**Q** 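Have a look at this one before I ask anything.
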Number of protein chains: 2
Amino acid sequence: MATTKQSLFPEGQVALAAFAGALAHPARIAIIGLLQAREEACCGEIVKALPLAQATVSQHLQVLNRVGLLHHRQCGPKICYSINCEALRSFCHSFQCTLGTAEEVAAPAPHL
Amino acid sequence: MATTKQSLFPEGQVALAAFAGALAHPARIAIIGLLQAREEACCGEIVKALPLAQATVSQHLQVLNRVGLLHHRQCGPKICYSINCEALRSFCHSFQCTLGTAEEVAAPAPHL
DNA sequence: ATCGCATATCGCAGATATACGATAAATAAT
DNA sequence: ATTATTTATCGTATATCTGCGATATGCGAT
């Protein structure tokens with residue numbers, strides 16, 4: 001009887017956990033690193049770079065996509081993925097705040 | 001046949017994924033937040049603060065402990081948990097590096 | 001429309017994670 | 001030693017994740 005009590009927690013905590021969950025696999029960390037290194041890559045290139053089958057890589061891409069961490073654009077017959085830096089930064093910021101590791105960035109700048 | 005291909009990835013990526021995995025549940029995010037807010041708390045207090053049974057909370061504490069995120073000390077009959085700030089900071093740093101969000105820490109606002 | 005390629009989705013199997021009651025282990029006090 | 005209290009662990013049920021082959025979908029060219 002493990003009826004996933006996630007809904008009993010504050011929305012912010014659920015969102016943060018979902019973000020962490022999206023990064024909770026080395027393949028997905030690798031994908032992020034790869035996209036960071038070369039700005040953009042199509043699915044096939046990512047498949048070639050990882051020790052996983054195409055179907056599996058596609059699934060991992062969907063996981064990252066579901067939390068909004070990726071951008072993608074049709075590029076002929078291929079689909080080019082890149083990182084949604086905005087989302088990544090915003091998530092990291094929430095992280096810092098919740099985890100309390102945001103000391104010297106103490107200019108929260110609501111005034112921009 | 002999903003024999004967990006995690007070992008085929010670089011150690012750093014596996015470690016980072018494990019850290020993310022430890023934070024991939026709202027209950028564990030809540031525990032970190034709670035410990036951040038009050039410096040130290042025993043298991044019973046955490047149980048009271050969460051909508052979960054004692055056994056479940058204990059399990060979540062073990063998950064956080066396994067990746068080195070917690071300190072604990074016997075305190076009479078209780079066990080007081082606190083955050084291992086060292087480990088937390090170190091993990092966050094690796095995160096920043098891998099996720100590429102560590103550049104503008106020194107560059108204050110590229111005011112366009 | 002058909003072909004060839006690139007990617008997503010389906011369906012399945014095995015592995016982990018989640019949740020909890022029951023119980024064990026440890027401590028403090030009697 | 002017994003009791004009460006606190007926490008960890010065990011056993012179990014359900015849910016979710018991982019991984020892949022097979023297949024469907026989408027695109028560009030023929």
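Just so we're clear, the structure is a prediction, and the values are computed from it rather than from any experiment. In the text below, chain A, chain B and the rest are named by the order of the sequence lines, each starting its count at 1.
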**Q** Find the distance between CD (Gln96(B)) and CZ (Phe91(B)) and round it off to the nearest 0.5 Å.
**A** 14.0 Å
**Q** Using only modelled atom types and a 3.5 angstrom limit, is any donor from either the side chain of Gln62(B) or the base of dA8(D) paired with an acceptor on the other?
**A** no
**Q** Could you pick out which residue, Ala27(A) or Gly76(A), lies toward the 5' side of DNA chain D when each is mapped onto its nearest nucleotide?
**A** Ala27(A)
**Q** With distance as the sole criterion, do the side chain of Gln59(B) and the base of dA19(C) form a donor-acceptor contact below 3.5 Å?
**A** yes
**Q** Taking side chain to side chain donor-acceptor pair (under 3.5 Å) as the definition, give me every residue that meets it alongside Glu45(A), ordered by chain and number, with sequence neighbours left out.
**A** Arg38(A)
**Q** Whole Å only: how far is the NE2 atom of His25(B) from the C1' atom of dT16(C)?
**A** 13 Å
**Q** Describe the nucleic acid contact of Ala55(A) in one word from base, sugar-phosphate, nothing, applying a heavy-atom distance below 4.0 Å.
**A** base
**Q** Side-chain N or O of Thr56(B) less than 4.0 angstrom from OP1 or OP2 on dA19(C)?
**A** no
**Q** So do Cys92(B) and Leu99(A) actually touch side chain to side chain, heavy atoms under 4.5 Å?
**A** yes
**Q** Counting distance only, does the side-chain N/O of Arg66(A) pair as donor-acceptor with the main-chain N or O of Leu61(A) below 3.5 Å?
**A** no
**Q** Given 3.5 Å as the limit, does a donor-acceptor pair link the side chain of Thr98(A) with the main chain of Ser94(A), or not?
**A** yes
**Q** Note down the inter-axis angle between the two ends of the helix from dA1(C)-dT30(D) to dT30(C)-dA1(D), five pairs each, to the nearest 10°.
**A** 20°
**Q** What does Gln54(A) touch in the nucleic acid at a heavy-atom separation under 4.0 angstrom: a base, only the sugar-phosphate, or nothing?
**A** base
**Q** Give a yes or no on this: more than 12 heavy atoms of other residues, nucleotides or ligands lie within 6.0 Å of atom CD of Gln74(B).
**A** yes
